[in-house]
Amino acid sequence: MSKQVWKPGNMLYPVPVVMISCQRAGERPNIVTVAWAGTINSDPAMLSISVRKERFSHDIIAESGEFVVNLVNRQLVQACDFCGVRSGRDVDKFSEMSLTPCVIEGVSAPAIEESPVALACKVKQVIELGSHDMFLAEIVGVTVDEKYMDEKGAFHLEDADLVAYSHGIYYSLGEKLGTFGYSVKKKRD
């Protein structure tokens, strides 16, 4: 097997692609697309997003201290891409993409009604990293679309047709390969 050596770069793919909604008091809400988001703690529930300093949403998040992470499914991928290549300085992304801002408990920023899962977040710390600032945030509220709930109240996120991002390309998640712990689970005869 032959390998090439490349200069250092971020090749940790695929990553979840999410739409971050945010809002300053008295102004229209905005959406920024972020591919650098991740879970960082379970108790309290926390996540991080990294946003370029020159992005319009950066200052909104820094000033308001809150944002909403909206998961992206197949139905939202075009809107997600649009929100990643257009600036909220110039366009009302909710209006242009026919998205619906909705109330989510815990923050004043709106969630995106069309998203299957929304996570309301309060910024706890900002780490300046260079091209991006990392916002470490506590998840203070979660909404899920009831159409992914079964009759017993179990949530089936796998039915939401979520999207991942890999090196400039959006992908729909594929087939189930196993469940956590399946490699050590005892087999029945």
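Within 6.0 Å of the CZ atom in R74, the count of heavy atoms belonging to other residues, nucleotides or ligands does not exceed 12. Shown here is E105, whose CD atom has no more than 12 heavy atoms of other residues, nucleotides or ligands within 6.0 Å. Other residues, nucleotides and ligands contribute at most 12 non-hydrogen atoms within 6.0 Å of the CD atom of E128.
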Could you walk me through whether Y170 and V17 pass the side-chain contact (heavy atoms from CB on, under 4.5 Å) check?
CA-CA 8 Å; Y170 302 100; V17 59; 4.1 Å; yes
Walk me through whether I20 and V68 qualify under side-chain contact (heavy atoms from CB on, under 4.5 Å).
CA-CA 5 Å; I20 306 299; V68 180; over 6 Å; no
Intermediate values then yes/no, side-chain contact (heavy atoms from CB on, under 4.5 Å), M134 and V126
CA-CA 6 Å; M134 179 185 288; V126 180; over 6 Å; no
Is there a salt bridge (Lys or Arg N to Asp or Glu O under 4.0 Å) between E138 and K122? Walk through the geometry before answering.
CA-CA 5 Å; E138 183 174 351; K122 292 270 192 185; over 6 Å; no
Could you please spell out the steps behind the side chain to side chain donor-acceptor pair (under 3.5 Å) verdict for E114 and T100?
CA-CA 7 Å; E114 293 79 8; T100 310; 2.7 Å; yes
Any chance you could lay out the side-chain contact (heavy atoms from CB on, under 4.5 Å) test for R55 and K53, step after step, and finish with the verdict?
CA-CA 6 Å; R55 298 296 296 262; K53 295 172 184 176; over 6 Å; no
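A donor-acceptor pair is defined here as one N or O able to donate and one able to accept, closer than 3.5 Å; no such pair exists between the side chain of K93 and the backbone of N30. With K124 contributing its side chain and M46 its backbone, the two residues share no donor-acceptor pair below 3.5 Å. Looking only at distances, a side-chain donor or acceptor of T33 sits under 3.5 Å from a matching main-chain atom of C80. Checking side-chain atoms of N41 against main-chain N and O of A45 turns up no donor-acceptor pair under 3.5 Å.
Between the side chains of S172 and D161, a donor-acceptor pair is found at a separation under 3.5 Å. Donor-acceptor pairing under 3.5 Å is recorded for the side chains of N70 and S21. One side chain, S108 or E66, offers a donor N or O that lies under 3.5 Å from an acceptor on the other.
Using a 4.5 Å cut-off between side-chain heavy atoms of Ile, Leu, Val, Met, Phe, Trp and Tyr, with links allowed through other members, F82 and V34 fall into different hydrophobic clusters. Two different hydrophobic clusters hold V72 and V117 under the rule that ILVMFWY side chains link at heavy-atom gaps under 4.5 Å. Clustering ILVMFWY residues whenever any of their side-chain heavy atoms sit less than 4.5 angstrom apart, transitively, puts I104 in a cluster other than the one holding L119. Linking Ile, Leu, Val, Met, Phe, Trp and Tyr residues whenever their side-chain heavy atoms come within less than 4.5 Å leaves V103 and M19 in two separate clusters. A continuous path of ILVMFWY side-chain contacts below 4.5 Å connects V123 to V32, so both sit in one hydrophobic cluster.
E63 has a carboxylate O that lies under 4.0 Å from a charged side-chain N of R24, or vice versa, which qualifies the two as a salt bridge.
Taking all atoms of both residues into account, the shortest heavy-atom contact from A109 to Q23 is CB-N, 4.1 Å. Across every non-hydrogen atom of L76 and S115, the tightest pair is CD1-CA, 3.6 Å. Closest non-hydrogen pair, D159 versus Y148, comes out as O-CE2, 3.4 Å. Considering every non-hydrogen atom in both S50 and L129, the closest pair reads OG-CD1, 4.5 Å. Across M97 and A79, no two heavy atoms sit closer than the pair SD-CA, 3.4 Å. Residues C121 and V69 come closest through the heavy atom pair SG-CG2, 4.2 Å.
In this structure, L99 and E113 have side chains that are not in contact, with every pair of non-hydrogen atoms separated by 4.5 Å or more. Residues F67 and I49 have side chains in contact (heavy-atom distance under 4.5 Å, counting atoms from C-beta outward). Counting only heavy atoms from C-beta outward, the side chains of D133 and V51 never approach each other to under 4.5 Å.
Separating the CG atom in L162 from the CG atom in L71 is a distance of 5.5 Å, to the nearest 0.5 Å. Put simply, CZ on F94 and CD1 on I112 are 5.0 Å apart, with the number rounded to the nearest 0.5 Å. Rounding to the nearest 0.5 Å places CG of D81 at 9.5 Å from CZ of R86. From Y165, atom OH reaches atom OH of Y13 across 6.0 Å, with rounding to the nearest 0.5 Å. Between F135 atom CZ and L47 atom CG the span is 12.5 Å, to the nearest 0.5 Å. From I60, atom CD1 reaches atom SG of C22 across 4.0 Å, with rounding to the nearest 0.5 Å.
Between H132 and W36, the angle of the ring planes lies from 30° to 60°, which puts this pair in the tilted group.
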